[in-house]
Amino acid sequence: MTEATAHAPTTDAATRRVGFFGGSFNPIHNGHIALARSLMGAAGLDEVWFVVSPQNPFKQREGLLDDAARMAMVRAALAGEPRLRPCDVELSLPLPSYTWRTLCRLRHDHPHCEFTLLIGGDNWARFGQWYHSADILASCPIMIYPRGKDGGESPVDPATLPPGVTLADTPLLDVSSTEVRRRLGRGEPVSGLVPPAVEAMIAERGWYTGSEAG
């Protein structure tokens, strides 16, 4: 399966159900991959696309590795995962990165795909602040997953969710990118927390050491 990009429409006629899994992936870790597999089954998806974001409107860029480096790690991590695909669409869109704009671009470039937005409970808590949140809600199913370490959100009550929004019964993430960066900054091993290819890439290039580990 080729990488999902913003540059060429899909040509296959069969409709694919695709999970939109956005994030900075700074760095991608094993929890991201396990969660994507779980959500793919829970939502009945054919694929999950890891949409690498250059700038989350709710986060600062401090400590964020450059776009090319994070994209390279996602590609390496998903090389053996035929139903999990790296997606670079947001790297060609204006900043800041708004999910509504990204969805519009993806629908234009991939007309035979139906997208489901996969977001953490922390993002759902402030979903009303998102750019064109009502349009997203009206046009795209949303599946919420619980966050573990550094998630910082209150539990989501399924009874409060509007039509088209569901809460996934998935395990809490037991690892976070923040924790991986902290460990690397302290010179501690991250084996078992990130895919081996990502661990090797980080070690070879010296990423997330010193000031980069914030």
* To do: Any chance you could lay out the side chain to side chain contact (heavy atoms under 4.5 Å, CB included) test for Val51 and Thr99, step after step, and finish with the verdict?
  => CA-CA 10 Å; Val51 182; Thr99 297; over 6 Å; no
* Set of residues satisfying side-chain hydrogen bond (donor to acceptor under 3.5 Å, both in side chains) with respect to Thr102, sequence neighbours excluded -> Glu90
To the nearest 0.5 angstrom, please state how far the [atom1] atom of [X] sits from the [atom2] atom of [Y].
X      : Y      : atom1 : atom2 : result
Arg16  : Glu47  : CZ    : CD    : 4.5 Å
Ser177 : Phe25  : OG    : CZ    : 8.0 Å
Leu184 : Glu179 : CG    : CD    : 10.0 Å

* Determine whether the side chains of Arg181 and Ser176 contain a donor N or O and an acceptor N or O closer than 3.5 Å. => no
* Go through the steps to decide whether Trp130 and Tyr98 satisfy the test ring pair (Phe, Tyr, Trp, His ring centres under 6.0 Å), and finish with yes or no. => CA-CA 8 Å; Trp130 284 29; Tyr98 290 120; 9.6 Å; no
* Structure fact -> For residues 32-44, the salt bridge (Lys or Arg N to Asp or Glu O under 4.0 Å) pairs (sequence neighbours left out) are Arg37-Glu81
* Asked: Going by an N to O cut-off under 4.0 Å, is there a salt bridge joining Asp109 and Arg105?
  -> yes
* If we only count heavy atoms from C-beta on, is the Leu39 to Met143 side-chain gap below 4.5 Å? -> yes
* Quick one: are Thr15 and Cys113 in side-chain contact, heavy atoms under 4.5 Å? -> no
* Asked: Just wondering, more than 12 heavy atoms not from Asp157 lying within 6.0 Å of its CG?
  -> yes
* Asked: Does the side chain to side chain contact (heavy atoms under 4.5 Å, CB included) test come out yes or no for Leu84 and Phe21, once each step is laid out?
  -> CA-CA 10 Å; Leu84 306 181; Phe21 187 22; over 6 Å; no
* **salt bridge (Lys or Arg N to Asp or Glu O under 4.0 Å) involving Glu204 - partner list, sequence neighbours excluded** => none
